[in-house]
J.: 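Structure in structure tokens, see below.
Keep in mind that what you see is a predicted model, and the values were worked out from it rather than measured. All residue numbers refer to positions in the sequence shown, counting from 1. We count ligands from 1, going down the list as the structure has it; atoms in each ligand are counted the same way.
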Amino acid sequence: MPDSAQVSFPSDFLWGSATSSYQIEGAVREDGRTPSIWDTFSHTPGKTHNGEHGDTAVDHYHRYREDVALMADLGLNTYRFSVAWPRVQPTGRGPAVQKGLDFYRRLVDELLEKGIAPAVTLYHWDLPQELEDAGGWPARETAYRFAEYAAIVGEALGDRVERWITLNEPWCAAFLGYSSGVHAPGRTDGELALRAAHTLNLAHGLGTSALRAAMPARNTVAVALNSHVVRTVSDDPRDLEAGRRIDDLANGIFHGPMLHGAYPETLFTATASVTDWSFVEEGDLKAIHQPLDALGLNYYTPALVGHAGSAPADAPHSDAHGTGAHSPWPSAEDIVFHQVPGEQTAMGWTVDATGLYDLLKRYDDEAPGLPLYITENGAAYDDRMDADGQVRDHERIAYLHSHLSHVRRAMADGVNVRGYYLWSLMDNFEWAYGYSKRFGMVYVDYETLERTPKASALWYAQAARTGTLADPAPLADPVPDAG
Ligand code: FCB
């Protein structure tokens with residue numbers, strides 16, 4: 001890697017942070033909002049750490065002004081957040097609730113006033129419960145409902161929000177939600193997960209068209225994928241074959257239809273014992289394959305896989321979000337996930353910034369020249385506040401420094417990366433892990449909900465202001481001044 005003193009970014013690079021509605025908003029019963037699948041799931045005993053839920057979360061619904069001011073103080077020039085579908089369309093169909101939309105109008109106005117460009121994600125996992133009761137993502141109808149919802153939000157905010165993202169990580173929604181069951185709605189059936197993946201693809205395509213019809217032409221539409229960086233334990237043909245199958249189930253299943261207009265043939269063959277894919281109807285692939293203005297990629301850690309027969313003796317490792325008793329990977333029982341060697345975050349995810357570089361290169365190969373955004377990247381650590389009120393999360397600074405350096409390296413190699421959204425602005429509800437994992441650059445005291453920028457926030461603020469990365473090593477006290 002280049003010397004850190006040389007890591008500098010173009011002046012138009014976007015420096016942002018990302019959040020999602022259920023993880024931060026709280027106010028779950030206010031202004032007409034109805035339960036989402038995450039309300040139901042988190043209130044079901046045994047599904048989340050200590051039974052924790054997002055009823056209050058970090059109360060962003062009431063504190064959004066303070067949170068926007070915090071971003072402005074840190075010098076961020078963009079913010080990615082998601083809209084809660086059940087706030088806007090409580091039953092998942094029919095007319096919009098204006099009070100729900102008004103919240104997002106106020107939030108966007110506040111951001112624009114502070115010179116922070118909003119990037120809206122339409123779906124970050126909080127499906128209205130009523131739609132789940134009607135079949136959820138495995139049911140094709142949900143894609144049409146999503147398109148209707150996309151049009152509503154596009155019409156309401158399209159005059160002031162230019163950057164749009166249809167779905168966040170459809171892989172998690174489909175495979176963690178319907179196969180491993182560690183995410184809402186907690187169903188455990190591999191066939192349902194494959195159906196859900198197809199409906200999500202269709203929702204993305206129909207939603208993209210609906211957004212375009214509802215908004216000014218200058219606005220851009222993208223999707224945020226957690227494409228996996230799949231590595232194999234060896235070059236043995238059986239391990240390579242295992243890697244290819246996981247790549248199909250993690251990446252090809254979305255990249256194929258969204259970017260190339262077809263599912264990989266090898267995906268059909270490998271999953272033939274689970275489904276015949278007859279739910280893919282005439283015209284679906286055309287509807288899904290919409291030209292996109294940008295791509296969002298979320299990256300945390302690579303995956304290391306091998307064929308069960310050639311597994312070395314280390315303990316099999318779960319996928320990035322933890323697997324319960326069920327596998328998220330339909331018809332991949334003969335494939336083993338291994339622990340990637342190296343230092344780990346509090347999630348048990350190995351820190352490997354080269355994976356982000358590899359991912360950027362791959363996207364650039366698959367969609368040459370398309371503007372790319374890192375829509376999520378970050379790390380959880382066991383942060384604590386010292387007696388002097390400071391949170392010295394120097395490991396997070398090192399994580400950010402190495403990952404941003406690899407982003408810059410990909411840019412130097414010609415990859416069209418336009419911006420970076422740190423996950424996350426502040427500590428929040430980390431799904432099945434409840435409040436036990438802190439990803440924020442801003443510390444949240446869950447008793448008082450007080451926000452305190454960690455050392456990493458001040459480091460990141462400096463990067464955003466100067467376009468260069470300060471050397472993480474000699475971070476002595478006091479931490480750099482944000483001002
Ligand atoms: C991603 C999710 C995000 C957060 C991070 C840690 O998969 O999109 O909401 O949970 O992981």
J.: Find all atoms of ligand 1 within a distance of less than 4.0 Å from any non-hydrogen atom belonging to Asn168, and give their numbers and elements.
T.: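 Listed by number with element: 8 (O).
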
J.: Would you name the heavy atoms of Ala18 and Glu376 that are closest together and state the gap between them?
T.: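 Minimum heavy-atom separation between Ala18 and Glu376: CB-CG, 4.5 Å.
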
J.: Heavy atom under 4.0 Å from ligand 1: found in Glu430's side chain, backbone, both, or neither?
T.: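 Answer for Glu430: side chain.
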
J.: Which ligand 1 atoms does His124 reach within 4.0 Å, using its non-hydrogen atoms?
T.: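 Listed by number with element: 2 (C), 3 (C), 8 (O), 9 (O).
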
J.: Hey, is the main chain of Arg163 close enough, under 3.5 Å, to the side chain of Asn219 for a donor-acceptor pair?
T.: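 Absent.
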
J.: Within a distance under 4.0 Å of any heavy atom of Trp431, pick out the atoms of ligand 1 and give their elements.
T.: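 Counting atoms of ligand 1 from 1, those under 4.0 Å from Trp431 are 3 (C), 4 (C), 9 (O), 10 (O).
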
J.: If I apply the N/O under 3.5 Å rule, does Trp423 come out as touching ligand 1?
T.: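 No - when backbone and side-chain N and O of Trp423 are compared with those of ligand 1, no distance drops under 3.5 Å.
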
J.: Counting heavy atoms only, which of Tyr300, Phe439, Tyr299, Tyr22 is nearest atom 11 (O) of ligand 1?
T.: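 Checking each option, the heavy atom nearest atom 11 (O) of ligand 1 is found in Tyr300.
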
J.: Kindly assign one of parallel, tilted or perpendicular to the pair Phe175 and Phe254, based on the angle between their ring planes and the thresholds 30° and 60°.
T.: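 Perpendicular.
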
J.: I need the atoms of ligand 1 closer than 4.0 Å to a non-hydrogen atom of Trp125, numbered in the order shown.
T.: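 By the 4.0 Å cutoff, the relevant atoms are 2 (C), 7 (O), 8 (O).
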
J.: Identify whether NZ of Lys or CZ of Arg in Arg187 sits under 6.0 Å from the centre of the six-membered ring of Tyr178 and within 45° of that ring's axis.
T.: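 Output no; distance or angle outside limits.
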
J.: Is Arg87 close enough and on-axis enough to Tyr61, meaning under 6.0 Å and within 45°, for cation-pi?
T.: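 The answer is yes, since Arg87 meets both limits relative to Tyr61.
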
J.: Answer yes if the ring centres of Tyr433 and Trp431 are under 6.0 angstrom apart, and no otherwise.
T.: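 No, they do not, as the ring centres are separated by 6.0 Å or more.
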
J.: Does an N or O from Glu376, backbone or side chain, lie closer than 3.5 Å to an N or O of ligand 1?
T.: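 Yes, Glu376 has an N/O under 3.5 Å of an N/O on ligand 1.
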
